[in-house]
Each structure stands twice: as C-alpha cells, then as structure tokens.
Amino acid sequence: MHDIRVLRERLEDLRAAMRARGVEVDLDAIIRLDAERRRALTEAEALKNERNVVSKEIGRLRKAGQDTAERQAAVRAMGERIAALDAETQRAEAERDALLLRVPNIPHSSVPVGPDASANVIVRTWGEPRSFSFPPKSHVEICERLKLVDFARAARMTGAGFHIFTGVGARLERALIQFMLDLHTQRHGYREVSPPFVCNTAAMTGTGQLPKMAEDMYFIPADDLYLVPTAEVPVTNIFMQEIISEPLPIKMTAYTPCFRREAGAAGRETRGLIRVHQFDKVELVKFVEPETSYDELEALVRDAEDILQALEVPYRVVALCTGDLSFSAAKCYDIEIWAPGQNAWLEVSSCSNFEDFQARRAGIRYRNAQGKPAFVHTLNGSGVALARLYVALLENGQQSDGSVTLPPAIRPYLGGLERLEPSA
RNA sequence: GGAGAGGUGGCUGAGUGGCUGAAAGCAACGGUUUGCUAAACCGUCAUACUGGACCAAAUCCGGUAUCGGGGGUUCGAAUCCCCCCCUCUCCGCCA
C-alpha cells in the first residue's frame, strides 16, 4: 500500500507508474475520498474538543456542588452531529483504503519499461544447455519409466494438477528441500523457520495477495484461513504489527508447500510437473533498512543462483519489465532454468524488492538512526521452487539408456546415489 | 468443545467513571560530575491521524484517537455492560 501522501504530493509520478505498468486505477476517486475524510474528520475533532472541554468543566462544577444540567444537555446535543461525522469519516476512509489496497507498487527507476514479458531483459546466463545425441525426453516420460511420480492415482483423489512422489522420487524431493535449506542456512546466513501452511485474511492482505488474488487461493471458510500460495506470506508476516527490535538485516529461509488454484490453466504447456496446484518451495525473506534494499536484492538473487550452480543446472536471470511486474514488487528478477525436454526456460524463482509496500500494509517497522519508528523494506525470492527444478534435473541429467545422472552436490542427501535407474 | 483466570507504554507493574496518555521501577537517549569503567545526580523518553507555521523535509505550536479488537451506557470510560480474539490453568477430545 502506498502512503496516502504519495497521492497528495506525487500524484503525477504515481500516474506515470501506473501507465508504465499498464494498469488502470482511479486515483482521482482516492484523492476525492481522502479529501472527504479529512473534511469530516476535522469538523468532528473540533466538536470532540469542545465536548472534552465542557465535560471536564462539568466534573469540576459537580465537585463544587453546582448544577450542570444545562451543560450536560448541550453536550448531549452535540453527540448526534459527532456520530454523523464519525460515520462519514469511517465511510470515506474505508472506501479510500479499499481502493488504495488495489493500487500496485511503483516500479523502481531501474526497471525496464515495457508492456509485457516480451520486454523483459536477460541480465545474465549461466551454464551451457547440454547437446544431446538423442531426442531428450520430457520429464513426464522419465518419471513414468523410473516410477518417480504417480500422476494418475493423485488425480483420482484430488483431480488434475496434483501428484504423488513415489519411492526414490519422493526421496529426491525431500533431499532437494534439505539441500537448499542447508545451503542457505550454512553458507548464506539465513535463519530457518517452519511456519504455518495457512494464513488469515490480515496476513494475506499484508503481503499483497489480497484483495486482488483471492480467486487464485484455496480458502477454508469455516476457519477464515487461506492455504499459503508461498512461504512469503507466513514468513513476512512473522513481524506483522511489530516494531522489530533486533538489528537489521534479518534473513529467513523456510520450506513450505505452496497451494495455487490458478483456474483455467491446463494443456500441453503445463503437463506433468510444470504447473501444479501444490508444489514445494524453499523461500528466502529479508527485512532490511531502506538504504540497503537494492544491494540486498542483488545478494538475494545470487543466493538463489548458488543453488542452481551447485546443482549444475543452466539458467538465466531476467529483469522483469514494468508491465510484467507483480502487484507488490518495485523490482523483480526471475530466474529461469533450462529444461531440454520442454525445449523451454522454466521460472523457478522470483526475487523481488517490495520496498516499504508490504511493510506498510503489514505494519512492519524498525527504529531508524533517529530512533523513530519507520517501515522496513521487505524482499523475498524463491531459493528455489521445486517441481520445476525437479523437471530440469531429470531432463538435463537423462542418459540414452533411460537413466538419470544426479549432480554430485545432491548425492550425499541420497545416501551417495549417483543415478536414477529403472527398477524391475 | 466446557469451566475459570488474565491481556495496561520497549519491559516489569499501579490504576475507587472526571485531577490518568496513563504512578513507580527498569531499559534507552542527552547532560553534569568523573583519570577510564562503574556509580550518583538532572533532564528527555508511546503511536497514529489531523489543523496551523514552512516552498518542502526536519522541526515547532495545537487537536483527536488509542490501555487486546469491535460495539454500547454516560456530559465524561483503562475503569461499567455486550460480542470477538489471544494467553494461562483444569476438564473433554485427539495425531
């Protein structure tokens, strides 16, 4: 959410930012409601002041044994007007904030301007896509042949978009989670947390999933809880409504499953593990001082890249343009890995700086150098998303005999296993 | 799920419907004293919104609200009433 002062004082900047995003928002309505709110508020406060003054006087006079009936009647008469003004203030504020919650963040000046993903900029590429002496298979075939994943049985109990990891396939998934957590905690200095997999409306609003993304999330009405679409939500909200007292930056990493309804997406491009309703992810979250947040973003991307380098998966880093930026982000890099069986780059990480956009919504503050409460900057990125990483490992590691060679870094987590082979 | 107890500022902890935005202590910050540390003494020390001074920021002068959250009673609520949330204890259920 924006500071309302941005609308009052930097309205043209905000309009330009919305144009760059290709987003239509009625900023004038917000300005109008804000003015209405302040008008009613100012008048109400003046009346309340009068009421407070007279009430104190009544207290004094009564103690002195004097009659106060006339004054009491006068104050009582003010009550109706005050109540009406309070209601007006609340209405205007609620309407203003409802609109304000739907205004996306302002892209950072370094973000490339463009209408959609076609204007994204490839920042760097790592590793060489392997050349094959045979037509590389899709991970779906590999999974079936090696019995790593059971799609059909999952579909019977949950429908399309879910899967069962089986046998060594399940162990590989677990190994990857542990490998990533270990690397981030031991080498990159992140604190491991294991948060709830459901969050309430306030938390979802705090990080910006609500109100706009309500349709994309699984919701449990009986308890007013949403299944988390990303660990970003429960981890960022660890400090909701707090003034953080420990020194910044704070770096946290968490494994959670991620649940996404993403209705309507199915077909050739999303077969297998590419787009699923539930997938595992190790997330990185940072709470930092505003001055350092863009340096911290670069470091965050490197931390995620380390995983892919260790696993020897070719990837590229893409700077998202203004039109492709997600709602809460001021700047974002995607990391995409090469999947030869798909002949495509797959997004496995989105690393974003939200500046104070989430912190303002969620009420996450720290004490600045002057000792005054100020909003922190929040960042997060996948470090990295499973399922698609799994796809890339299988498709990149596949051999002509149908086996899959595993990268050395993951082998210790699989009891030294070097390759996945068909079993009887 | 049932019964009871509780939720006050960064922390601990007072608070009979008006003199309480809130005692006291601790912590923090500024200063005096001091060879350094420590101690002592003096002072400052909640947040948000809002009106004004100012081009603006910082700042200053006012106002309003906030004692878990939301309603209510009253001229006036931390204090009385109702609903909800959370914590603790006991019981029930349960991986």
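A note on names: the letters A, B, ... follow the listed sequences, proteins ahead of strands, and every chain is numbered from 1. Every heavy atom of this structure was used, including side-chain atoms; hydrogens, water molecules and symmetry mates were not.
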| message | Once salt bridge (charged side-chain N to carboxylate O under 4.0 Å, His left out) is applied, what residue pairs with a partner in residues 219-235 of chain A remain, sequence neighbours excluded? | response | none
| request: Hey, could you give me each pair passing salt bridge (charged side-chain N to carboxylate O under 4.0 Å, His left out) that has a residue in residues 188-208 of chain A? Not counting sequence neighbours. | output: A:Arg191-A:Glu246
| remark: Scoring nucleotides 57-67 of chain B by protein non-hydrogen atoms under 4.0 Å (B base, S sugar-phosphate only, - none) yields S-----BBS--
| request: Mark up nucleotides 16-22 of chain B, 5' to 3', with B wherever a protein heavy atom is under 4.0 angstrom from a base atom, S wherever such an atom reaches only the sugar-phosphate, and - elsewhere. | output: --BB---
side-chain hydrogen bond (donor to acceptor under 3.5 Å, both in side chains) partners of [X], counting only residues at least two apart:
X	result
A:Thr378	A:Gln358
A:Ser293	A:Asn353, A:His377
A:Asn105	none
A:Glu45	none

| note | Expected list for residues 75-82 of chain A near RNA chain B, using heavy atoms below 4.0 Å, is A:Val75, A:Arg76
| Going by number, which of residues 85-97 of chain A have a non-hydrogen atom under 4.0 Å from RNA chain B? | none
| said: Tell me every residue that passes ring pair (Phe, Tyr, Trp, His ring centres under 6.0 Å) with A:Tyr218, counting only those two or more places apart in sequence or in another chain. | reply: none
| Interatomic distance at C1', B:C26 relative to B:A14, whole Å | 15 Å
| note | For A:Asn237 and A:Ala203 the tightest heavy-atom approach is ND2-O, 2.9 Å
| query | Given pairs defined as Watson-Crick or G-U wobble with both distances under 3.5 Å, what dot-bracket annotation applies to RNA chain B, with ( ) intrastrand, [ ] crossing, | other strand and . unpaired? | reply | ((((((((.[[[..)..(.....]]].(((((.......))))).((((((((.....)))))))).[[[[[..)....]]]]])))))))....
